[in-house]
Amino acid sequence: NRGTFNICASMPAPAPPAGSCQTAMPFCTSTTPTTVPNITNQPSLGGSGVYGCLSTIPNPTFYYLQIQNSGDITIQITQTSTTGSGLDVDFIVWGPYANLNAACVGLSTTNIVDCSYSIASVEYADIPNAQAGEFYLFLVTNYSNQPGTITYQQTGGGGISNCTINCVIEP
């Protein structure tokens, strides 16, 4: 007899890698910083087109978030290197979508919410007017290919993403 049950757990940003939309990991915005290791030595996904301002996408990590409480969301993204070498974090946010599957099959330039291709080690992703239930796809790169960490922290807005994960476990 096969049964299923749900487990709900609070989840911070997951450890990378999640190198495609289909393997995107859940992401929870929080005013408490969440630090994860960045990835290195992963091939670029190319660039431009559906990737907007990103002309190259080395070491990609995909996340998704679902909005729990409506409002604006600003996420600070900070990359720190363990080698002391140059730092460069870039990102793109697509949305809104009705579910994660819709995001993976519906990526287009018309769904770009925010994008930054800069040499900065600190970036800010803005999701204006997010509505409860919507999904957003979030891609972050480690452009400089340096080992280290990336820290995420919600620094503005009254919107909140869903920080519970529903998993289905089948024996």
Side-chain angles (χ1 to χ4, degrees), residues 7-47 51-54 56-69 72-97 99-100 103-104 107 112-127 130 134-157 159-167:
I7 296 176
C8 295
S10 181
M11 288 289 291
S20 73
C21 182
Q22 290 75 21
T23 60
M25 300 295 289
F27 179 78
C28 176
T29 59
S30 174
T31 56
T32 302
T34 299
T35 301
V36 297
N38 61 18
I39 61 171
T40 58
N41 303 316
Q42 298 299 308
S44 176
L45 297 177
Y51 299 107
C53 72
L54 303 181
T56 184
I57 305 158
N59 305 303
T61 302
F62 283 85
Y63 299 104
Y64 69 90
L65 50 96
Q66 182 183 25
I67 307 305
Q68 181 173 343
N69 293 352
D72 298 341
I73 296 176
T74 299
I75 302 167
Q76 179 179 313
I77 309 160
T78 305
Q79 181 167 275
T80 305
S81 173
T82 56
T83 65
S85 299
L87 303 170
D88 184 353
V89 64
D90 299 314
F91 73 88
I92 186 168
V93 178
W94 294 274
Y97 299 99
N99 55 54
L100 181 58
C104 290
L107 288 183
I112 295 173
V113 175
D114 197 4
C115 189
S116 179
Y117 188 73
S118 164
I119 61 170
S121 61
V122 178
E123 300 271 359
Y124 293 88
D126 291 308
I127 303 174
E134 294 176 336
F135 281 79
Y136 289 84
L137 188 65
F138 193 87
L139 168 64
V140 178
T141 74
N142 172 10
Y143 184 84
S144 57
N145 197 38
Q146 297 299 315
T149 59
I150 297 179
T151 300
Y152 302 95
Q153 181 176 11
Q154 184 169 343
T155 59
I160 299 172
S161 68
N162 188 345
C163 293
T164 58
I165 305 302
N166 289 320
C167 306

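Since we're looking at a predicted model, the values are computed, not measured.
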- Item | Neighbour count above 12 (heavy atom, 6.0 Å) for Tyr143 OH |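 Atom OH in Tyr143 is not crowded, with 12 or fewer foreign heavy atoms closer than 6.0 Å.
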Are any of the side-chain heavy atoms of [X] and [Y] separated by less than 4.5 Å?
{"X": "Tyr97", "Y": "Leu107", "value": "yes"}
{"X": "Ile127", "Y": "Leu65", "value": "yes"}
{"X": "Ser161", "Y": "Gln154", "value": "no"}
{"X": "Tyr152", "Y": "Val36", "value": "yes"}

- Excluding sequence neighbours, so at least two apart, what forms side chain to side chain donor-acceptor pair (under 3.5 Å) with Thr56?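 Side chain to side chain donor-acceptor pair (under 3.5 Å) check on Thr56 returns Ser44.
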Rounded distance (nearest 0.5 Å) linking atom [atom1] of [X] with atom [atom2] of [Y]:
{"X": "Cys28", "Y": "Asn162", "atom1": "SG", "atom2": "CG", "answer": "8.0 Å"}
{"X": "Ile92", "Y": "Thr141", "atom1": "CD1", "atom2": "OG1", "answer": "11.0 Å"}
{"X": "Asn59", "Y": "Gln42", "atom1": "CG", "atom2": "CD", "answer": "6.5 Å"}
{"X": "Tyr51", "Y": "Leu45", "atom1": "OH", "atom2": "CG", "answer": "4.5 Å"}
{"X": "Tyr117", "Y": "Asp88", "atom1": "OH", "atom2": "CG", "answer": "7.5 Å"}
{"X": "Ile75", "Y": "Phe27", "atom1": "CD1", "atom2": "CZ", "answer": "4.5 Å"}

- Item | Parallel, tilted or perpendicular: ring planes of Trp94 versus Phe62, cut at 30 and 60 degrees |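 Trp94 and Phe62: parallel rings.
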- Describe, in one word, how the ring planes of Tyr63 and Phe138 are oriented to each other, choosing from parallel (under 30°), tilted (30 to 60°) and perpendicular (over 60°).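 It falls in the tilted class, 30° to 60°.
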Work out which heavy atom in [X] is nearest to a heavy atom in [Y]; give both atom names and the distance.
{"X": "Ile73", "Y": "Ile160", "value": "CD1-N, 4.1 Å"}
{"X": "Pro96", "Y": "Glu134", "value": "CB-CD, 3.3 Å"}
{"X": "Ser118", "Y": "Glu123", "value": "CB-OE2, 3.2 Å"}
{"X": "Leu87", "Y": "Ser81", "value": "CD2-CB, 2.9 Å"}
{"X": "Ile57", "Y": "Gly47", "value": "CD1-CA, 4.0 Å"}
{"X": "Cys21", "Y": "Leu137", "value": "SG-CD2, 3.6 Å"}

If we ignore hydrogens and angles and just use 3.5 Å, is the side chain of [X] paired with the main-chain N or O of [Y] as donor and acceptor?
{"X": "Asn38", "Y": "Gly148", "answer": "yes"}
{"X": "Asp90", "Y": "Asn142", "answer": "no"}
{"X": "Gln153", "Y": "Thr32", "answer": "no"}
{"X": "Thr82", "Y": "Pro147", "answer": "yes"}

- Query: Between Asp126 and Thr74, does any side-chain donor sit less than 3.5 Å from a side-chain acceptor?
  - Reply: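 A donor-acceptor contact under 3.5 Å links the two side chains.
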- Looking just at side-chain N and O atoms, do Thr155 and Gln76 make a donor-acceptor pair shorter than 3.5 Å?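 No donor-acceptor contact under 3.5 Å links the two side chains.
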- Message: Going by side-chain hydrogen bond (donor to acceptor under 3.5 Å, both in side chains), Thr35 matches just one of Thr80, Thr151, Thr78. Which one?
- Response: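 When Thr80, Thr151, Thr78 are each tested with Thr35, the side-chain hydrogen bond (donor to acceptor under 3.5 Å, both in side chains) holds only for Thr151.
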